[in-house]
Amino acid sequence: QVELKESGGGVVQAGASLRLSCVASGLASAPVALGWFRQAPGNSREFVAAILWKEGHTYDADSVRGRFTISGDTARIATYLSMNRLKLEDTAVYFCALRTRQWTRISVRATGDWDFWGQGTQVTVSS
């Protein structure tokens with residue numbers, strides 16, 4: 001069965017950098033897309049970034065643009081989220097998501113359009 005495993009979270013000071021990793025296993029073929037969402041206490045799950053696997057096209061949220069970069073490793077079916085100049089408001093549990101179905105209309109920001117989720121990795125930014 002499909003499994004996503006995130007790693008790389010931790011506690012860092014504001015202005016620091018982290019790189020999150022997500023490795024997928026159990027897939028019979030390449031995914032259509034991989035993405036990252038985050039959820040802070042009391043908040044709903046929020047879109048962060050996504051990558052269309054075949055095309056290599058990326059998307060990101062306004063709140064992280066210019067600071068976060070998503071990338072992929074097609075040989076491993078892995079995605080990475082490079083986070084720079086972290087802010088206090090970036091504190092959240094970060095979840096990896098994967099879509100296996102082809103898009104009829106690309107809607108990477110909707111949680112319901114993703115097929116599999118990891119367990120999450122905690123990122124805490126302190127002052």
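As a basis for the values below, the full set of heavy atoms in this structure was taken, side chains included, without hydrogen atoms, waters or symmetry mates.
Hydrophobic clustering of Ile, Leu, Val, Met, Phe, Trp and Tyr side chains at less than 4.5 Å, counting indirect connections, keeps Trp53 apart from Trp117. When hydrophobic clusters are built by joining Ile, Leu, Val, Met, Phe, Trp and Tyr residues whose side-chain heavy atoms come closer than 4.5 Å, directly or via intermediates, Val108 is not grouped with Leu81. In terms of hydrophobic clustering, with Ile, Leu, Val, Met, Phe, Trp and Tyr side chains grouped at heavy-atom distances under 4.5 Å, Val48 and Leu52 are assigned to different clusters. Under the 4.5 Å side-chain heavy-atom criterion for ILVMFWY residues, no single connected hydrophobic cluster contains both Ile77 and Tyr80. Grouping the Ile, Leu, Val, Met, Phe, Trp and Tyr side chains by contacts below 4.5 angstrom, directly or via other members, places Leu98 apart from Ile106.
In this structure, OH in Tyr94 is found 12.0 Å from CD in Gln39, a value given to the nearest 0.5 Å.
Ala92 approaches Ala40 most closely through the heavy-atom pair CB-N, 3.9 Å.
Counting non-hydrogen atoms of neighbouring residues, nucleotides and ligands closer than 6.0 angstrom, the CD atom of Glu55 exceeds 12 such neighbours.
In this structure, the ring pair (Phe, Tyr, Trp, His ring centres under 6.0 Å) partners of Tyr59, at least two apart in sequence or on a different chain, are His57. Under the salt bridge (Lys or Arg N to Asp or Glu O under 4.0 Å) criterion, Arg101 pairs with Asp115, sequence neighbours left out. Every residue meeting the side-chain hydrogen bond (donor to acceptor under 3.5 Å, both in side chains) condition with Asp60, not counting sequence neighbours, appears here in chain and number order: Arg65. Remark: Phe47 pairs with Phe37 by the ring pair (Phe, Tyr, Trp, His ring centres under 6.0 Å) rule, at least two apart or across chains. A search for side-chain hydrogen bond (donor to acceptor under 3.5 Å, both in side chains) contacts involving Thr69 returns nothing, not counting sequence neighbours.
The shortest side-chain heavy-atom distance between Ser82 and Phe68 does not fall under the 4.5 Å cut-off. At a threshold of 4.5 Å between non-hydrogen side-chain atoms, the residues Val93 and Thr121 do not count as touching. The side-chain heavy atoms of Arg67 and Lys87, taken from C-beta on, include a pair separated by under 4.5 Å. Using a 4.5 Å cut-off on side-chain heavy atoms (C-beta onward), Arg38 and Phe95 make no contact.
A donor atom on one side chain and an acceptor atom on the other are found under 3.5 Å apart for Gln122 and Thr124.
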Query - Candidate pair Gln119 and Cys96, rule side chain to side chain contact (heavy atoms under 4.5 Å, CB included), full reasoning - result: CA-CA 8 Å; Gln119 291 295 113; Cys96 178; over 6 Å; no
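Under the 6.0 Å distance and 45° angle rule, Arg99 counts as a cation-pi partner of Trp103.
Judged by distance alone, with hydrogens and angles left aside, the side-chain atoms of Thr79 form no donor-acceptor pair with the main-chain N or O of Gly72 at under 3.5 Å.
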Atom pairs and distances, side-chain donor-acceptor, residues 7-34, under 3.5 Å, sequence neighbours left out:
{"unit_1": "Ser17", "atom_1": "OG", "unit_2": "Asn84", "atom_2": "OD1", "d": "2.9"}

